[in-house]
Amino acid sequence: MTAQPPEPSPRPAPSEELRASHDDREAVVEQLRDAAAEGRIDLDELDSRLEQALTSKTYAELAVLTADLPKLNSTESQPPLVLKGGMYGASRGPGRWEVSGHVIARGGVGGVKVDFTRVECRLTEVAVEAYGETSGVTIVVPDGWAVDTSGMDPGVGGLTDKTTPDRLPGTPLIRLTGSGGMAGVVIRHPNRRERRKLDSNPTQG
C-alpha cells in the first residue's frame, strides 16, 4: 500500500501573501500604541509586537499582531462627506473635523472649499471627488500630504495642482477624481495668509 503524501498546510489568502508597505506597518504600529494606551496590552507585549510589526514583510504577518484587538472603524462603511456649493457656497475646515474615506465636493453656484490643514487623519488614502461646476472647488492639504490627480478630468475650467510630491510617513494620499467643470478645481498647500493663521493659532479647534 502506497503511503499517501501529507496534506498540504493551508496557505493564507492571496491578499495576505502580498508584501506590506511602510505605511501598512506604520498603521499597525499606531494601532498597537493605541491599544497599549487603552490598557489592552502591557508595555512588554507592546515592545514585542512593535518589533515584529517593524520587521513584518506580508499582510499575514501584520494581521496576526492585531487579530485579538478591536477592529478599527472601517471607512468603507461610513457614508461619504458631501459638500454642495449651492447659492451661497460651502466649506469644511480649517477647524478639526472627522475625515471620511470619501469626500464629494460639488462647486455649484457658490463654490466649495475643503481644508484638511487641521485634521488628524490615520487613513492611508482619502478619495476626493471634486466637481468644479459653476464656481469651482478649492482643496487645501497640509505640507507632506501627496496627491494623485491621474483620475481627474480637467474639464473646461481645468485642474490647478500646486502641491509638492513629497509625502511624509504616516500621512494619507489624496486620490483626486471628478471634473473641473466650468470653473475648475484647485488643490494646494496653505497660502501665506492661511499659514499666518495656522502659526498664530496652532491649537485652534
Side-chain angles (χ1 to χ4, degrees), residues 3-82 92-93 96-105 114-130 139 141-152 163-178 187 189:
Q4 295 295 322
E7 290 291 329
S9 59
R11 300 180 64 191
S15 61
E16 294 182 337
E17 293 180 341
L18 294 176
R19 307 285 285 195
S21 69
H22 291 304
D23 289 338
D24 297 323
R25 285 185 283 271
E26 186 62 30
V28 170
V29 165
E30 289 299 320
Q31 187 177 355
L32 292 172
R33 286 174 175 162
D34 287 346
E38 294 166 357
R40 299 184 190 277
I41 56 178
D42 61 34
L43 294 180
D44 288 339
E45 193 171 4
L46 173 63
D47 289 341
S48 175
R49 294 196 191 196
L50 287 178
E51 183 178 354
Q52 293 177 61
L54 294 173
T55 56
S56 292
K57 294 182 171 58
T58 65
Y59 285 116
E61 293 173 346
L62 288 175
V64 171
L65 301 175
T66 58
D68 59 348
L69 299 176
K71 302 295 183 185
L72 297 177
N73 291 333
S74 172
T75 58
E76 295 179 358
S77 64
Q78 296 178 8
L81 169 66
V82 180
R92 181 58 59 97
R96 299 188 187 280
W97 52 282
E98 184 176 354
V99 179
S100 166
H102 189 185
V103 178
I104 302 173
V114 186
D115 191 333
F116 291 94
T117 52
R118 290 190 184 274
V119 302
E120 294 180 3
C121 183
R122 296 184 180 179
L123 306 174
T124 56
E125 285 191 10
V126 177
V128 178
E129 290 183 52
I139 303 163
V141 299
D143 296 327
W145 287 29
V147 180
D148 176 5
T149 61
S150 59
M152 185 75 185
T163 62
T164 59
D166 301 325
R167 182 180 177 188
L168 295 176
T171 61
L173 171 70
I174 300 293
R175 201 172 292 281
L176 185 64
T177 60
I187 186 161
H189 298 301

One should read off an interatomic distance between T55 OG1 and K57 NZ, to the nearest 0.5 angstrom, of 6.5 Å

Report yes if the side chains of Q52 and E61 come closer than 4.5 Å at any heavy-atom pair, otherwise no. no

Return the set of residues passing side chain to side chain contact (heavy atoms under 4.5 Å, CB included) with T171 (not counting sequence neighbours), or none when no residue passes. W145, R167, L168

Nearest-0.5 Å distance that lies between atom CZ in R25 and atom CG in L54: 8.0 Å

Hey, could you give me the CD1/CD1 distance between I139 and I174, rounded to the nearest 0.5 Å? 8.0 Å

Locate the shortest heavy-atom distance separating P172 from L123; write the atom from each residue and the value. CB-O, 3.2 Å

Quick one: pull up CD in E129 and CE in M152 and give me the separation to the nearest 0.5 Å. 10.0 Å

Taking atom CD as the centre, does E51 end up with more than 12 heavy-atom neighbours from other residues, nucleotides or ligands that are less than 6.0 angstrom away? no

Nearest 0.5 Å, what's the OG1-CG distance between T149 and L176? 6.5 Å

Locate the shortest heavy-atom distance separating D68 from L65; write the atom from each residue and the value. OD1-O, 4.2 Å

One pair to check against side-chain contact (heavy atoms from CB on, under 4.5 Å): T163 and V141. What are the steps and the verdict? CA-CA 8 Å; T163 62; V141 299; 4.0 Å; yes

Side-chain heavy-atom pair T124, L173 within 4.5 angstrom cut-off: no

Check for a donor-acceptor pair, side chain of R118 on one end and backbone N or O of G93 on the other, with a separation under 3.5 Å. no

State, to 0.1 Å, how close L32 and A53 come at their nearest heavy-atom pair, and which atoms those are. CD1-CB, 4.3 Å

Give the minimum heavy-atom separation between H189 and T164, together with the two atoms involved. NE2-N, 3.1 Å

Minimal heavy-atom distance between W97 and D115, with the atoms involved, is NE1-O, 3.0 Å

Residue set satisfying side chain to side chain contact (heavy atoms under 4.5 Å, CB included) with D42, at least two apart, ordered chain then number -> D44, E45

So does L69 get a backbone contact from the side chain of T66, meaning a donor-acceptor N/O pair under 3.5 Å? no

So which atom in P165 and which in A146 form the shortest heavy-atom distance, rounded to 0.1 Å? O-CB, 4.1 Å

CD1 of I41 to CZ of R49: how many Å apart, nearest 0.5 Å? 5.0 Å

Start with the C-alpha distance between V126 and R175, add both sets of side-chain angles, then the distance that settles side-chain contact (heavy atoms from CB on, under 4.5 Å), and finish with yes or no. CA-CA 6 Å; V126 177; R175 201 172 292 281; over 6 Å; no

Judged by atom type as modelled, is there a donor-acceptor pair below 3.5 Å linking the side chain of E26 to the main-chain atoms of H22? no

